[in-house]
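What follows is a short report on a single structure.
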Amino acid sequence: MVVLIIGLTGGISSGKSTVSKMFKELNIPVVDADAAAREVVEPGENAYQDIVEYFGGDILLETGYIDRKKLGSIVFKDEEKRKVLNKIVHPAVREKMRKDTKEHFQSGSETVVMDIPLLFESDLTHMVDKTLLVYVSDDIQLQRLIERDKNGEEDARQRIGSQMPLEEKRLLADEIIDNNGTIEETRSQLLIVLERWKVIHT
């Protein structure tokens, strides 16, 4: 059996979640980095113990779960603490994603998608066989983010500016899906890529 791991990435408001949903509709399992990041810091997990040990019990909610907002505001202001947190969380997330991917293959899947927003920034391309970027133009990205978050143009520009530009990611990706158009156009591009990669045969 030829197995393939596809690294799906994009930028804020580029439509990566839409494409991720399309994979699921095609019965291709998706292992989500953001979901893994939430799971590895739940009570009982090793990363959870390490975080509480370092940051103290003050970062916990009454339920025993980590107060993500409180922890976020601590590491946002302190570069050193942010590095410590990343050192705890990132390896745990990668391990969880590898484990989940392996389980999908053991269950008979031939293709698994790893949905990793910071695939290129975090230098994680070694975890996947092919990279697929969901791309939109700067104008559309800005417009969609303003519509989605209702936080105004300045805030949206700041958030986009904090990420690697999609134009740079274009140069790094194996294939690009242009998500400037309709959902149907996006879906048909995805199907063409998957046919090219011999994931599906139409």
**Report entry** Stepwise side chain to side chain contact (heavy atoms under 4.5 Å, CB included) check, I192 with R196
**Finding:** CA-CA 6 Å; I192 289 166; R196 201 177 290 144; 3.5 Å; yes
**Report entry** Check: N179 side chain, S14 main-chain N or O, donor-acceptor pair, under 3.5 Å
**Finding:** yes
Report task. Give a yes or no on whether V136 and L142 share a hydrophobic cluster (residues Ile, Leu, Val, Met, Phe, Trp, Tyr; joining criterion: side-chain heavy atoms under 4.5 Å apart). Result -> no
Query raised in the report: Where do G10 and K16 come nearest, in terms of heavy atoms and distance?
Result: N-CD, 3.7 Å
Query raised in the report: Of L4, I200, I5, which meets side-chain contact (heavy atoms from CB on, under 4.5 Å) against T111?
Result: L4
Query raised in the report: Distance from D115 atom CG to S17 atom OG, nearest 0.5 Å?
Result: 7.0 Å
Query raised in the report: For the side chain of T131 and the backbone of D174, is there at least one donor-acceptor N/O pair under 3.5 Å apart?
Result: yes
Query raised in the report: Rounded to the nearest 0.5 Å, how far does CZ of R94 lie from CG of L124?
Result: 6.0 Å
**Report entry** For D67, salt bridge (Lys or Arg N to Asp or Glu O under 4.0 Å) partners two or more places apart
**Finding:** none
Query raised in the report: Under a 4.5 Å cut-off applied to non-hydrogen side-chain atoms, are V41 and I51 in contact?
Result: yes
Requested in this report: Verify side chain to side chain contact (heavy atoms under 4.5 Å, CB included) between T9 and I116, making sure each step is shown before the conclusion.
Outcome: CA-CA 5 Å; T9 196; I116 309 177; 5.6 Å; no
Query raised in the report: Would a hydrophobic clustering, with Ile, Leu, Val, Met, Phe, Trp and Tyr connected at side-chain separations under 4.5 Å, put Y54 with L61?
Result: no
Query raised in the report: Hey, does R38 have a side-chain heavy atom less than 4.5 Å from the side chain of R68?
Result: yes
Report task. Determine, for E79 against R82, whether the closest basic-nitrogen to carboxylate-oxygen distance falls under 4.0 angstrom. Result -> yes
Query raised in the report: Can you find a heavy atom in the side chain of R148 that is under 4.5 Å from one in the side chain of I12?
Result: yes
Query raised in the report: Is the backbone of D58 close enough, under 3.5 Å, to the side chain of K70 for a donor and an acceptor to pair up by distance?
Result: yes
Query - Sub-4.5 Å side-chain heavy-atom contact between L172 and L119 - result: no
Query raised in the report: Just how far is it from atom CZ of F55 to atom CG of L71, taken to the nearest 0.5 Å?
Result: 5.5 Å
Query raised in the report: Partners of E39 by side-chain hydrogen bond (donor to acceptor under 3.5 Å, both in side chains), sequence neighbours excluded?
Result: K96
Query - Verdict with reasoning, I6 to I28, per side chain to side chain contact (heavy atoms under 4.5 Å, CB included) - result: CA-CA 10 Å; I6 297 171; I28 296 169; 5.8 Å; no
Requested in this report: Give a yes or no on whether M164 and M114 share a hydrophobic cluster (residues Ile, Leu, Val, Met, Phe, Trp, Tyr; joining criterion: side-chain heavy atoms under 4.5 Å apart).
Outcome: yes
Requested in this report: Identify whether M127 and F120 are in the same connected component of the hydrophobic contact network (ILVMFWY, side-chain heavy atoms under 4.5 Å).
Outcome: yes
Query raised in the report: So which pairs with a foot in residues 157-171 pass side chain to side chain donor-acceptor pair (under 3.5 Å), sequence neighbours left out?
Result: E121-K169, Y135-E167, D149-R159, E153-R157
**Report entry** Donor-acceptor contact below 3.5 Å, side chain K198 vs main chain E195
**Finding:** no
Query raised in the report: Just wondering, are more than 12 heavy atoms of other shown residues or ligands nearer than 6.0 Å to CG in N180?
Result: yes
Query - Results of side-chain contact (heavy atoms from CB on, under 4.5 Å) for E103 - residues two or more places apart only - result: K99, D100, Q106
Query raised in the report: Partners of L60 by side-chain contact (heavy atoms from CB on, under 4.5 Å), sequence neighbours excluded?
Result: Y48, V52, I66
Query raised in the report: Where the side chain of E110 meets the backbone of V199, is there a donor-acceptor pair that is under 3.5 Å apart?
Result: no
Query raised in the report: What about V113 and L118, same hydrophobic cluster or not, with Ile/Leu/Val/Met/Phe/Trp/Tyr joined at side-chain heavy-atom distances under 4.5 Å?
Result: no
Query raised in the report: Can you tell me how far the CD atom of E53 sits from the CD1 atom of I88, to the nearest 0.5 Å?
Result: 8.5 Å
Report summary line: Minimal heavy-atom distance between A92 and V40, with the atoms involved, is O-CG1, 3.6 Å
Requested in this report: Under the side chain to side chain contact (heavy atoms under 4.5 Å, CB included) rule, what do M22 and T186 come out as? Steps first, then yes or no, please.
Outcome: CA-CA 9 Å; M22 289 174 186; T186 297; 4.0 Å; yes
Query raised in the report: Minimum heavy-atom separation for I146 to A156, with atom names?
Result: CG1-CB, 3.7 Å
Query raised in the report: Once you round to the nearest 0.5 Å, how far does CD of Q141 lie from CZ of R144?
Result: 9.5 Å
Query raised in the report: Is there any side chain to side chain donor-acceptor pair (under 3.5 Å) pair reaching into residues 19-32, and which pairs are they, with sequence neighbours excluded?
Result: none
Query raised in the report: Heavy atoms, side chains only, cut-off 4.5 Å: are K81 and L85 in contact?
Result: no
Query raised in the report: To the nearest 0.5 Å, what is the distance between CG (L171) and CG (L166)?
Result: 11.5 Å
